[in-house]
S.K.: 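The structure is given below, and queries will be raised subsequently.
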Amino acid sequence: MTAAFDRYAMELAMEQAGMAAEMGEVPVGACVFQGEKLISSAFNRRETDRSALAHAELLAIGLACERLGGWRLHRCDLYVTLEPCPMCAGAIINARIRRVVFGAWDPKAGCMGSVTDLTAMPFNHKPEIVGGVAQAECARLLRDFFARLRG
């Protein structure tokens, strides 16, 4: 994919993150693409669903599996506004996501380069990782959300 397409896809993920914030959820959004075709999109719903599993990435991956009729997403790319956590990184590896593009780095829980890099482990699949796409905008969504909570 081109840098221009990565930016476009991240903007869609940021729209999802904005919807999360409107619902009082931590603003993380994710989109799954197959080529340039949007397959699924989702945002964090942990508070709404009362589930530790309701991360944007997992919801988007689950919906993509349903829509494509299988668990192997080896022709798909995932765009997410925040570096995936250990749970989501594991799901990405297991779903065989081809490429992961994320916005903001997560120095507290990021598992694609910040705290650790699960893709560097000897698993049977290694997605391509691109971090820092629209980093400032993605980080601002999170900063503004938490500033409102504290205010």
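All heavy atoms count here, side chains included; hydrogens, waters and symmetry mates do not.
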S.K.: Evaluate the side-chain contact (heavy atoms from CB on, under 4.5 Å) criterion for residues W71 and R96: first the C-alpha distance (whole Å), next the side-chain angles of each, then the deciding distance (0.1 Å), finally the verdict.
M.R.: CA-CA 8 Å; W71 63 269; R96 313 293 196 266; 3.8 Å; yes
S.K.: If I take atom CZ from residue R98 and atom NE2 from residue H74, how far apart are they, to the nearest 0.5 angstrom?
M.R.: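 Answer for the CZ-NE2 pair, R98 versus H74, is 10.5 Å.
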S.K.: Write down the atom of Q16, the atom of G29, and the distance for their closest heavy-atom approach.
M.R.: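 Heavy-atom minimum between the residues: CB-CA, 3.7 Å.
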S.K.: Indicate yes or no: at least one non-hydrogen side-chain atom of C88 is less than 4.5 angstrom from one of L58.
M.R.: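 Touching, per the 4.5 Å side-chain cut-off.
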S.K.: Are F102 and L73 joined in one hydrophobic group, where the rule is that I, L, V, M, F, W and Y side chains link up if heavy atoms are under 4.5 Å apart?
M.R.: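 Same cluster.
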S.K.: Keeping N44 on the side-chain end and A20 on the backbone end, is there a donor-acceptor pair under 3.5 Å?
M.R.: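 No; zero donor-acceptor contacts below 3.5 Å.
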S.K.: Provide the closest heavy-atom pair for M10 versus A134 in the form atom of the first, atom of the second, distance.
M.R.: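 Answer, listing the atom of M10 first, then A134: CG-CB, 3.9 Å.
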S.K.: With rounding to the nearest 0.5 Å, note down the distance linking CD in E22 to CZ in F43.
M.R.: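 One gets 8.5 Å once the value is rounded to the nearest 0.5 Å.
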S.K.: Do the non-hydrogen side-chain atoms of L78 and I92 ever get within less than 4.5 Å of each other?
M.R.: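 In short, these two side chains touch, coming nearer than 4.5 Å.
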S.K.: Do R140 and D144 meet the salt-bridge criterion of a basic N to acidic O distance under 4.0 Å?
M.R.: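 Here D144 does not pair with R140 in a salt bridge, since their nearest N and O are not under 4.0 Å apart.
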S.K.: If only atom types and distance count, is the side chain of S40 paired as donor or acceptor with the main-chain N or O of L63 below 3.5 Å?
M.R.: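 Between the backbone of L63 and the side chain of S40 there is no qualifying donor-acceptor contact (under 3.5 Å).
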S.K.: Mind running salt bridge (charged side-chain N to carboxylate O under 4.0 Å, His left out) on K108 and E83 for me, showing each step along the way?
M.R.: CA-CA 10 Å; K108 293 182 179 179; E83 179 184 1; over 6 Å; no
S.K.: Are V28 and V32 connected into the same hydrophobic cluster when the rule is that any two of I, L, V, M, F, W, Y join if their side-chain heavy atoms are below 4.5 Å apart?
M.R.: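 Yes, V32 connects to V28 through the hydrophobic network.
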S.K.: F5 vs Y8 aromatic rings, parallel, tilted or perpendicular, using cut-offs 30° and 60°?
M.R.: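 Plane angle between 30° and 60°, so tilted.
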S.K.: Quick check for you: to the nearest 0.5 Å, what is the distance between R45 atom CZ and M19 atom CE?
M.R.: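 Rounded to the nearest 0.5 Å, the CZ-CE separation comes to 11.0 Å.
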S.K.: For the atom pair SG (C31) and CD (E11), what is the distance rounded to the nearest 0.5 Å?
M.R.: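 Rounded to the nearest 0.5 Å, the SG-CD separation comes out at 11.0 Å.
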S.K.: Where do L142 and F145 land on the side-chain contact (heavy atoms from CB on, under 4.5 Å) test, with the steps shown first?
M.R.: CA-CA 5 Å; L142 291 158; F145 174 79; 5.7 Å; no
S.K.: From I39 CD1 over to C65 SG, what is the distance, rounded to the nearest 0.5 angstrom?
M.R.: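 That separation rounds to 11.0 Å.
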S.K.: Tell me, do M14 and C138 make a side-chain contact under 4.5 Å, heavy atoms counted?
M.R.: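 Result yes, sub-4.5 Å side-chain heavy-atom pair found.
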S.K.: Do side-chain atoms of T119 reach the backbone of K126 as a donor and acceptor pair under 3.5 angstrom?
M.R.: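 No: the side chain of T119 does not pair with the backbone of K126.
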S.K.: Heavy-atom count around M121 CE within 6.0 Å, excluding the residue itself: above 12?
M.R.: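 For M121, atom CE is not crowded (no more than 12 foreign heavy atoms under 6.0 Å).
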S.K.: Of all the heavy-atom pairs spanning T48 and M23, show the shortest one and how long it is.
M.R.: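 Heavy atoms of T48 and M23 come nearest at OG1-CE, 3.4 Å.
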S.K.: Verify whether one side chain among R99 and Y79 offers a donor that lies under 3.5 Å from an acceptor in the other.
M.R.: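 Indeed, the side chains of R99 and Y79 share at least one donor-acceptor pair under 3.5 Å.
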S.K.: Between A21 and R148, what is the shortest heavy-atom contact and its length?
M.R.: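 In terms of heavy atoms, the two residues are closest at CB-NH2, 4.2 Å.
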S.K.: In terms of hydrophobic clusters joined by side-chain contacts under 4.5 Å, are L82 and I61 together?
M.R.: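 Yes, one cluster joins them.
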S.K.: Does some side-chain heavy atom of E137 sit less than 4.5 Å from a side-chain heavy atom of R7?
M.R.: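 A side-chain contact exists here, since the closest heavy-atom pair is under 4.5 Å.
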S.K.: Between V100 and D77, is a side-chain contact (heavy atoms from CB on, under 4.5 Å) present by the stated rule, with each step listed?
M.R.: CA-CA 6 Å; V100 178; D77 301 335; over 6 Å; no
S.K.: Write down the atom of T81, the atom of P27, and the distance for their closest heavy-atom approach.
M.R.: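 Distance-wise, the nearest heavy atoms are OG1-O, 3.9 Å.
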S.K.: Nearest 0.5 Å, please: how far is CG in L38 from CZ in F33?
M.R.: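 F33 atom CZ to L38 atom CG measures 4.5 Å (nearest 0.5 Å).
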S.K.: Honestly curious: do V130 and L12 fall in one hydrophobic cluster under the side-chain, below-4.5 Å linking rule?
M.R.: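 Linked within one cluster.
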S.K.: Treating Ile, Leu, Val, Met, Phe, Trp and Tyr as nodes and any side-chain heavy-atom pair under 4.5 angstrom as an edge, say whether I129 and I97 lie in one connected cluster.
M.R.: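 The answer is yes; both residues are in one hydrophobic cluster.
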S.K.: Measure across E25 and R46 and return the closest heavy-atom pair with its distance rounded to 0.1 Å.
M.R.: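 Nearest heavy atoms, E25 then R46: OE1-N, 3.2 Å.
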S.K.: Can a donor-acceptor pair be found, under 3.5 Å and without considering hydrogens, that links the side chain of T116 to the backbone of L118?
M.R.: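 Absent.
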